[in-house]
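To start, the structure under review is shown below, and the notes come after it.
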Amino acid sequence: MYHKIHPNSPTMWWVKVNDFYRQMVELSSKEVVFLKDYDPENSNHVVITFDGVYKNVLEYALPILKKFNYPFELFITSDYIGLDNEFDSIEPNAPFTTINELKELVQGGGRLQWHTKTHINLKTVQDSKIIENELQIPAEIRALDDNGFDWFAYPHGEYNDTVLNLVKQKFKGAVSCNQGNDIDKYVFNRITVVNNTTFKKEKVSCIIASYNYGDYLIDAVESVLKQTIVPDEILISDDCSNDDTQLIAENYVKNYPNLIKYNRNSTNLGIVEHFNKAISLTEHEYVFFLGADNRVLSNYVEECCIVLDRDIKNAIAYTDYVFFGARAEEAYNKIKEEFKTDADSEGIYKVNFPVFDDFEKLKKHLTEINFIHGSSMYKRSAFIKAGGYKTSEKAEDYNLFKRIIEVGFKAEKAKNTFLEYRQHSLYQANNFYSVYKKMEFYKENLNRYVNNKTAFEKSKFYRFAYLMFKTKSFLSKNYNNPRKIFRKIKDKIFK
């Protein structure tokens, strides 16, 4: 159950747009249905409901709901249509939808349901005439939705026996939020959704592996921070670099202490040992590596999680990738023709990998050629069962993913995203871009330092500490000259 969706969240009843989007992504593995189709015994069924209904639901929630093609229920209170919540002295002001805006919500996939005329707490009412009046839907309101008004939401989530009996006579079902249960369709309980509510199956760990890729590390980290669904933890794992990888990584840890961790190996371990160690330093079920010289599209985590959530047997979510950088064409020319697409005018070369509906075909194809790149997202449990990364004649990631498939897990392609695979060499054009990014990084940190220093110098604590320092210095120099000390005190008092 939602009330308001907005970029800001002044109270618990306002869910931020970013959190709402995340929650809708997390429901993608569920079957979102209307109340009339809801089966309480089907753990995969979900109903999205809004009470109010506030204008910000139209402005911010509807575009997201339409993106996912989710149906949703709208419980309206007729006396407040086109007005605002001025009656609620605790809540910030928020306008309700107008008649035309309700029509727009219906056209966008919503279904109107009833929430009384005045939002009175019916639990305190015994007079059946008052209750019946609140349950009566005006003809002009009912005409807004030919498929709606079969369900009722108890104001404040509460009711008494008289209310319950009258609701059973007039509606096909009803919902509460605290007094009901999960069995009786006339008192279905709902979850009150707030910003930190989550419906996700698993959390995500991102490992950014670097060995002397400090020139590109900022680009890689920023691409992860800009995800529509940001991973739950990011580990920058440094295989004993001798460039500025450590300086950059530690600065990110300082700025994102609850999200980013840093590991530096005391000696260079090489890919297999380094990757296995990095995995051991993270904790979540969904994992993906990102080379510090690469980037991911902003919906990468979102789309890969959808694939892994979709089927318990899916252990790998692989994607297409694009080559970019000065040596992109050279790398692209080595790709098999069946995977190539036309390069665009900007010199970005996309590699398309196949989609398999049949597991045996996928398994056979993988024995012949690798089409699962090393930044594919996979399940930790499958990684453990397959025995982790091992030294082999072929690429370590290919060897791992092939073993994961061989022990019975499935791989599925996340079709709407891709990895950005940098092709670089010293003194090439994209290196100058990386230098520019580093200059911006250091400039931003310098500005942050200067701003913090200025703010500190204006603080009461600093002024008091500075006064104590000046006083101590003066007394140390003039402790044997009490007249001078007295004059100084006198000047300060009577100036």
Side-chain angles (χ1 to χ4, degrees), residues 1-4 13 33-41 45 47-54 57 71-91 94-99 101-103 105-106 110-193:
M1 175 184 67
Y2 293 94
H3 286 83
K4 308 174 187 76
W13 305 111
V33 298
F34 285 118
L35 278 166
K36 74 178 186 65
D37 302 315
Y38 177 69
D39 179 0
E41 295 184 359
H45 272 191
V47 180
I48 300 170
T49 68
F50 298 88
D51 282 6
V53 170
Y54 291 90
V57 172
F72 53 98
E73 308 281 5
L74 302 153
F75 287 93
I76 63 174
T77 304
S78 62
D79 280 6
Y80 298 123
I81 293 175
L83 302 178
D84 59 30
N85 62 340
E86 185 180 3
F87 59 86
D88 193 343
S89 59
I90 298 176
E91 279 285 287
F96 290 101
T97 47
T98 64
I99 291 292
E101 288 167 344
L102 287 173
K103 290 179 180 179
L105 284 165
V106 172
R111 187 158 292 175
L112 300 182
Q113 307 294 355
W114 195 236
H115 200 31
T116 71
K117 292 180 178 180
T118 67
H119 204 262
I120 186 175
N121 189 336
L122 294 176
K123 186 176 183 179
T124 64
V125 181
Q126 295 296 333
D127 188 328
S128 59
K129 289 184 179 181
I130 295 176
I131 298 171
E132 286 184 352
N133 182 62
E134 289 290 337
L135 301 184
Q136 185 65 36
I137 305 170
E140 66 274 17
I141 299 299
R142 185 179 288 276
L144 295 175
D145 189 355
D146 293 336
N147 297 311
F149 300 109
D150 290 330
W151 285 74
F152 179 74
Y154 300 103
H156 308 280
E158 298 179 330
Y159 55 88
N160 56 41
D161 289 342
T162 304
V163 173
L164 181 58
N165 289 331
L166 287 171
V167 166
K168 287 181 177 180
Q169 295 175 26
K170 296 179 178 292
F171 297 92
K172 294 181 179 179
V175 293
S176 177
C177 57
N178 53 42
Q179 196 179 333
N181 58 55
D182 299 328
I183 302 171
D184 186 344
K185 72 173 186 176
Y186 280 97
V187 290
F188 277 155
N189 256 345
R190 295 179 291 171
I191 298 171
T192 299
V193 183

Query raised in the report: Is a side-chain donor or acceptor of Asn133 paired with a backbone partner of Lys129 at a separation under 3.5 angstrom?
Result: no
Query raised in the report: Quick one: does Asn85's side chain have a donor or acceptor within less than 3.5 Å of a partner on Ala94's backbone?
Result: yes
Requested in this report: Identify the two heavy atoms, one from Asn178 and one from His156, that lie closest to each other, and give their separation to 0.1 Å.
Outcome: ND2-O, 3.6 Å
Report task. Identify the heavy atoms of Asn121 and Pro155 that sit nearest to each other, and give their distance. Result -> OD1-O, 4.4 Å
**Report entry** Ring-ring centroid check Tyr2 Phe72, cutoff 6.0 Å
**Finding:** no
Report task. Drop me the distance from Tyr54's OH to Glu91's CD, to the nearest 0.5 angstrom. Result -> 6.5 Å
Query raised in the report: Do other residues, nucleotides or ligands put more than 12 heavy atoms under 6.0 Å from Glu140 CD?
Result: yes
Query raised in the report: Tell me, do Thr97 and Val57 make a side-chain contact under 4.5 Å, heavy atoms counted?
Result: no
Query - Pairwise distance OG1(Thr162) to CD1(Ile130) - rounded to 0.5 angstrom - result: 11.5 Å
Query raised in the report: Hey, does the side chain of Tyr186 reach the backbone of Phe171 with a donor-acceptor pair shorter than 3.5 angstrom?
Result: yes
Report summary line: Distance col, row Ile183:CD1 vs Glu41:CD, nearest 0.5 angstrom, shows 9.0 Å
**Report entry** Exercise: identify the closest heavy-atom pair between Asn160 and Lys123
**Finding:** ND2-O, 3.1 Å
Query raised in the report: Nearest 0.5 Å, what's the CD1-NZ distance between Ile137 and Lys117?
Result: 10.0 Å
Query - Ile191 CD1: over 12 foreign heavy atoms closer than 6.0 Å - result: no
Query raised in the report: Rounded to the nearest 0.5 Å, how far does CG of Leu164 lie from CG of Asp184?
Result: 7.0 Å
Query raised in the report: What pair of heavy atoms forms the shortest contact from Gly110 to Leu74, and how long is it?
Result: CA-CD1, 4.2 Å
Query raised in the report: So, the side chain of Trp114 versus the backbone of Ser78: is there a donor-acceptor pair under 3.5 Å, distance only?
Result: no
Query raised in the report: In terms of heavy-atom contacts, does CD of Glu132 have more than 12 from other residues, nucleotides or ligands at under 6.0 Å?
Result: yes
Requested in this report: Check each of Arg190, Arg111, Gln113 against Thr49 using the side-chain hydrogen bond (donor to acceptor under 3.5 Å, both in side chains) test, and report the only one that passes.
Outcome: Arg190
Query raised in the report: Would a 4.5 Å heavy-atom cut-off, applied to side chains only, mark Ile99 and Leu144 as touching?
Result: yes
Query raised in the report: Less than 4.5 Å apart, any side-chain heavy atom of Glu158 and any of Leu122?
Result: no
**Report entry** Note, Val187 side chain near Gln179 side chain (heavy atom, < 4.5 Å)
**Finding:** no
Query raised in the report: Quick one: does Asn189's side chain have a donor or acceptor within less than 3.5 Å of a partner on Asp182's backbone?
Result: no
Query raised in the report: Would you call the rings of Phe87 and Phe96 parallel, tilted or perpendicular if under 30° counts as parallel and over 60° as perpendicular?
Result: parallel
Requested in this report: Flag the pair Thr116 / Phe152 as yes when at least one side-chain heavy-atom distance between them is below 4.5 Å, and no otherwise.
Outcome: yes
**Report entry** Taking every non-hydrogen atom, the tightest pair across His119 and Thr77
**Finding:** N-CG2, 3.6 Å
Query raised in the report: Quick one: does Ile81's side chain get under 4.5 Å of Ile141's, heavy atoms only?
Result: yes
Query raised in the report: So Trp151 and Phe188, would you call those rings parallel, tilted or perpendicular, with 30° and 60° as cut-offs?
Result: parallel
Report summary line: Separation between CH2 (Trp13) and CE (Met1), nearest 0.5 Å, reads 5.5 Å
Report summary line: Correct closest heavy-atom pair for Val163 and Val125 would be CG2-O, 4.5 Å
Report task. Would you confirm whether Lys170, through its side chain, and Gln136, through its main-chain N or O, come within 3.5 Å as a donor-acceptor pair? Result -> no
Requested in this report: Kindly determine whether Leu166 and Gln169 satisfy side chain to side chain contact (heavy atoms under 4.5 Å, CB included), including the steps that lead there.
Outcome: CA-CA 5 Å; Leu166 287 171; Gln169 295 175 26; 4.1 Å; yes
Query - From CA spacing to verdict: side chain to side chain contact (heavy atoms under 4.5 Å, CB included), Asn147, Phe34 - result: CA-CA 11 Å; Asn147 297 311; Phe34 285 118; over 6 Å; no
